[in-house]
> 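Before we start, here is the structure in question, set down as structure tokens.
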Amino acid sequence: MSYTAAIDASCFIWDQQDYQANTFQYLDLTDKLTTFIDIVAKEKSMIVIREELVNELVNGFPLVLLPDHFYEFGSKVYTFLAGIPPARFIMYAPNNTGVVSSPDIVKAHFNADTQQEVSYVLTYLHNKPANPASYYFTYEYIYGSNNDLETKTKKKTNTCSTVFFDDEQTLKNFFLQFKKIFEHNPKHHNGKQPGDKASPFRCYDGKNTAIPQDYLDRSFFDNNRYYFFDVIHEVYVVFFNHEQNKYHGHEESDLTKIPHRVRQHFNR
């Protein structure tokens with residue numbers, strides 16, 4: 001089971017007049033956004049974003065509005081946005097087909113470039129295939145509703161499931177359903193035996209799943225597989241989904257079967 005995450009730009013680019021009038025709501029947002037950033041960074045979510053949108057969010061973040069003691073929070077936001085690796089970008093064309101949304105997420109206080117970038121995200125969410133599912137993450141006060149995001153054209157209306165990160169436990173429970181879980185396939189054992197056709201999986205000792213689970217948690221996704229380089233045995237390991245969020249693993253010693261991006265990622 002997998003997903004893509006679209007993040008409400010309003011959580012980063014604030015309406016300055018509303019901030020002055022409702023400062024408490026925004027200070028609460030800083031708390032909730034910190035938790036959200038930490039979880040997304042840990043989960044390595046695939047994010048619906050382009051470099052141009054990243055730049056808009058970085059440049060539009062209202063650090064000058066925040067009290068001095070929120071410097072650490074501002075630094076965390078900048079680090080998160082600037083540190084999203086391109087491999088986790090969901091690429092989409094800069095295409096605005098006039099999609100509108102309910103509630104309207106192309107905010108009036110955005111500059112023209114930000115409005116354009118958010119319109120591109122709307123077009124992507126409206127037209128994308130059903131799999132993997134996309135989720136829209138936001139803070140309820142900023143979002144202005146407790147309903148799922150609706151995208152609309154004259155021809156059709158779609159719904160994008162919306163996750164509110166106001167409640168930390170709800171947020172954690174959401175990500176828990178997508179956690180990748182290692183489940184061993186007995187044919188890939190920890191040593192090669194005569195006549196074996198299946199590749200070994202030496203990082204698993206037959207009892208403790210901690211090491212292969214750690215490899216899966218830190219793996220790199222490409223071509224519908226997750227990859228990790230096992231430095232102890234000097235070999236790539238490959239994980240593939242076999243049932244919902246459960247993954248089998250095995251070694252792959254044939255480097256021609258390892259995607260170029262994976263080898264680049266692990267510098268091998």
> With rounding to the nearest 0.5 Å, note down the distance linking OG in Ser219 to NZ in Lys180.
4.5 Å

> Decide yes or no for Ile181 and Thr209: does some side-chain heavy atom of the first lie under 4.5 Å from some side-chain heavy atom of the second?
no

> Should Leu53 and Leu57 be marked as a side chain to side chain contact (heavy atoms under 4.5 Å, CB included) after you check the CA-CA gap, both sets of side-chain angles, and the distance that decides it?
CA-CA 6 Å; Leu53 179 53; Leu57 298 179; 4.1 Å; yes

> Can any side-chain N or O of Arg88 pair as donor or acceptor with the backbone N or O of Ser45 at less than 3.5 Å?
yes

> Do Val118 and Val100 sit in the same hydrophobic cluster, where Ile, Leu, Val, Met, Phe, Trp and Tyr count as joined when their side-chain heavy atoms come under 4.5 Å apart?
no

> Under 6.0 Å from the CD atom of Glu51, do we count more than 12 heavy atoms belonging to anything else shown?
no

> For Tyr26 and Asp18, which I'm curious about, is there any donor-acceptor pair between the side chains at under 3.5 Å?
yes

> For a side chain to side chain contact (heavy atoms under 4.5 Å, CB included) check, start with the C-alpha distance between Val58 and Tyr78, then their side-chain angles and the critical distance, and finish with the verdict.
CA-CA 6 Å; Val58 168; Tyr78 287 137; 3.9 Å; yes

> If every non-hydrogen atom of Cys160 is compared with every non-hydrogen atom of Leu125, which pair is closest and at what distance?
SG-CD2, 4.3 Å

> What is the minimum heavy-atom distance between Phe175 and Glu43, and which atoms define it?
CD2-CG, 3.8 Å

> Mind checking ring pair (Phe, Tyr, Trp, His ring centres under 6.0 Å) for Tyr124 and listing every partner two or more places apart, or none if nothing turns up?
Tyr92

> Is the shortest heavy-atom distance from the side chain of Leu122 to the side chain of Val106 under 4.5 Å?
yes

> Decide yes or no for Val163 and Thr170: does some side-chain heavy atom of the first lie under 4.5 Å from some side-chain heavy atom of the second?
no

> Rounded at 0.5 Å granularity, tell me how far CD in Glu234 sits from OG in Ser253.
13.0 Å

> Report yes if some heavy atom in the side chain of Tyr215 is under 4.5 Å from a heavy atom in the side chain of Cys203; otherwise report no.
yes

> Classify the side-chain pair Thr151/Ser101 by whether it contains a donor and acceptor separated by less than 3.5 Å.
no

> Taking atom types as modelled, find out whether His242 and Glu183 have a side-chain donor-acceptor pair closer than 3.5 angstrom.
yes

> With a 4.5 Å heavy-atom cut-off, do Pro62 and Tyr19 have their side chains touching?
no

> Do Tyr135 and Thr4 have side-chain atoms, one donor and one acceptor, less than 3.5 Å apart?
no

> Linking I/L/V/M/F/W/Y whenever their side-chain heavy atoms sit closer than 4.5 Å, directly or via other members, would Leu171 and Leu176 fall into one cluster?
no

> What pair of heavy atoms forms the shortest contact from Ile142 to Leu29, and how long is it?
CG1-CD2, 4.0 Å

> Please work out which of the three classes, parallel, tilted or perpendicular, describes the rings of Tyr143 and Phe164, given edges at 30° and 60°.
perpendicular

> Under the criterion ring-ring contact (aromatic ring centres under 6.0 Å, His included), I'd like the reasoning laid out for Phe201 against His250: C-alpha separation, chi angles, the key distance, then a yes or no.
CA-CA 5 Å; Phe201 195 54; His250 65 86; 7.8 Å; no

> List in chain and number order the residues that pass side-chain contact (heavy atoms from CB on, under 4.5 Å) with Asn173, two or more places apart in sequence or in another chain; answer none if no residue qualifies.
Gln169

> Working to the nearest 0.5 Å, report the span between CZ of Phe70 and OG of Ser75.
14.5 Å

> For the side chain of Thr97 and the backbone of Thr123, is there at least one donor-acceptor N/O pair under 3.5 Å apart?
no

> Got Asn267 and Phe229 here, is their nearest side-chain heavy-atom distance under 4.5 Å?
no

> What do the steps show when you test Tyr227 against Phe220 for ring-ring contact (aromatic ring centres under 6.0 Å, His included), and what is the final call?
CA-CA 5 Å; Tyr227 297 83; Phe220 182 85; 8.0 Å; no

> Going from CD on Glu252 to NZ on Lys257, what distance comes out if it is rounded to the nearest 0.5 angstrom?
5.0 Å

> Pair Phe174, Phe165 - check ring-ring contact (aromatic ring centres under 6.0 Å, His included), show working.
CA-CA 10 Å; Phe174 169 83; Phe165 54 74; over 10 Å; no

> Does the side chain of Ser102 pick up a donor-acceptor pair with the side chain of Glu150 at under 3.5 Å?
no

> State whether a side-chain donor-acceptor pair under 3.5 Å links Asp8 with Tyr136.
yes

> To the nearest 0.5 Å, tell me how far Asp222 CG sits from Arg225 CZ.
11.0 Å

> Can you hop from Ile47 to Ile13 via hydrophobic side chains spaced under 4.5 Å?
yes

> Kindly give the heavy-atom pair with the smallest separation between Ile105 and Phe110, and that separation in Å.
O-CE1, 3.5 Å

> Is any side-chain heavy atom of Phe228 closer than 4.5 Å to one of Arg218?
yes

> List the atom of Val54, the atom of Leu81, and the distance in Å for their closest heavy-atom pair.
CG1-O, 3.5 Å

> For Tyr236 and Phe266, take the angle between the two ring planes, folded into 0 to 90°, and tell me which bin it lands in: parallel under 30, tilted 30 to 60, perpendicular over 60.
perpendicular

> Ignoring hydrogens, what is the shortest heavy-atom contact between Arg50 and Pro94? Give both atom names and the distance.
NH1-CB, 3.5 Å

> Assess whether atom CD of Gln17 is packed by more than 12 heavy atoms of other residues, nucleotides or ligands within 6.0 Å.
no

> For the pair Thr35 and Ile39, evaluate side chain to side chain contact (heavy atoms under 4.5 Å, CB included) and give the outcome as yes or no after the intermediate values.
CA-CA 6 Å; Thr35 299; Ile39 293 176; 4.0 Å; yes

> OH of Tyr71: more than 12 outside heavy atoms within 6.0 angstrom?
no

> Salt-bridged, Asp166 to Lys32, with N to O below 4.0 Å?
no

> Under 30°, 30 to 60°, or over 60°: which ring-plane class applies to Trp14 and Phe61, parallel, tilted or perpendicular?
perpendicular

> Using modelled atom types and a 3.5 Å cut-off, is there a donor and acceptor pairing between side-chain atoms of Lys207 and backbone atoms of Tyr204?
no

> Indicate if Phe89 and Val121 have the same hydrophobic cluster label, given that clusters are the connected sets of ILVMFWY residues with side-chain heavy-atom separations under 4.5 angstrom.
yes

> Can we say Glu168 and Lys172 salt-bridge, meaning some charged N sits less than 4.0 Å from an Asp/Glu carboxylate O?
yes

> Can you confirm whether the side chains of Asp28 and Tyr141 place a donor and an acceptor under 3.5 Å from each other?
no

> Answer yes or no: are there more than 12 heavy-atom neighbours, outside Lys42 itself, under 6.0 Å from its atom NZ?
no

> By the definition ring-ring contact (aromatic ring centres under 6.0 Å, His included), identify the one residue from Phe221, Phe240, Phe239 that meets it with Tyr226.
Phe221

> Is it true that Asp217 and Lys179 make a salt bridge, defined as a side-chain N closer than 4.0 Å to a carboxylate O?
yes

> Does atom CD of Glu52 have more than 12 heavy-atom neighbours from other groups under 6.0 Å away?
yes

> With rounding to the nearest 0.5 angstrom, report the OG1 to CG distance, Thr153 to Asn158.
8.0 Å

> So do the side chains of Leu65 and Gln20 get within less than 4.5 Å of each other, counting heavy atoms only?
yes

> Can you classify the ring geometry of His184 versus Phe182 as parallel (below 30°), tilted (30 to 60°) or perpendicular (above 60°)?
tilted

> State, without any angle test, whether Asn111 and Thr114 hold a side-chain donor-acceptor pair at a distance under 3.5 Å.
yes

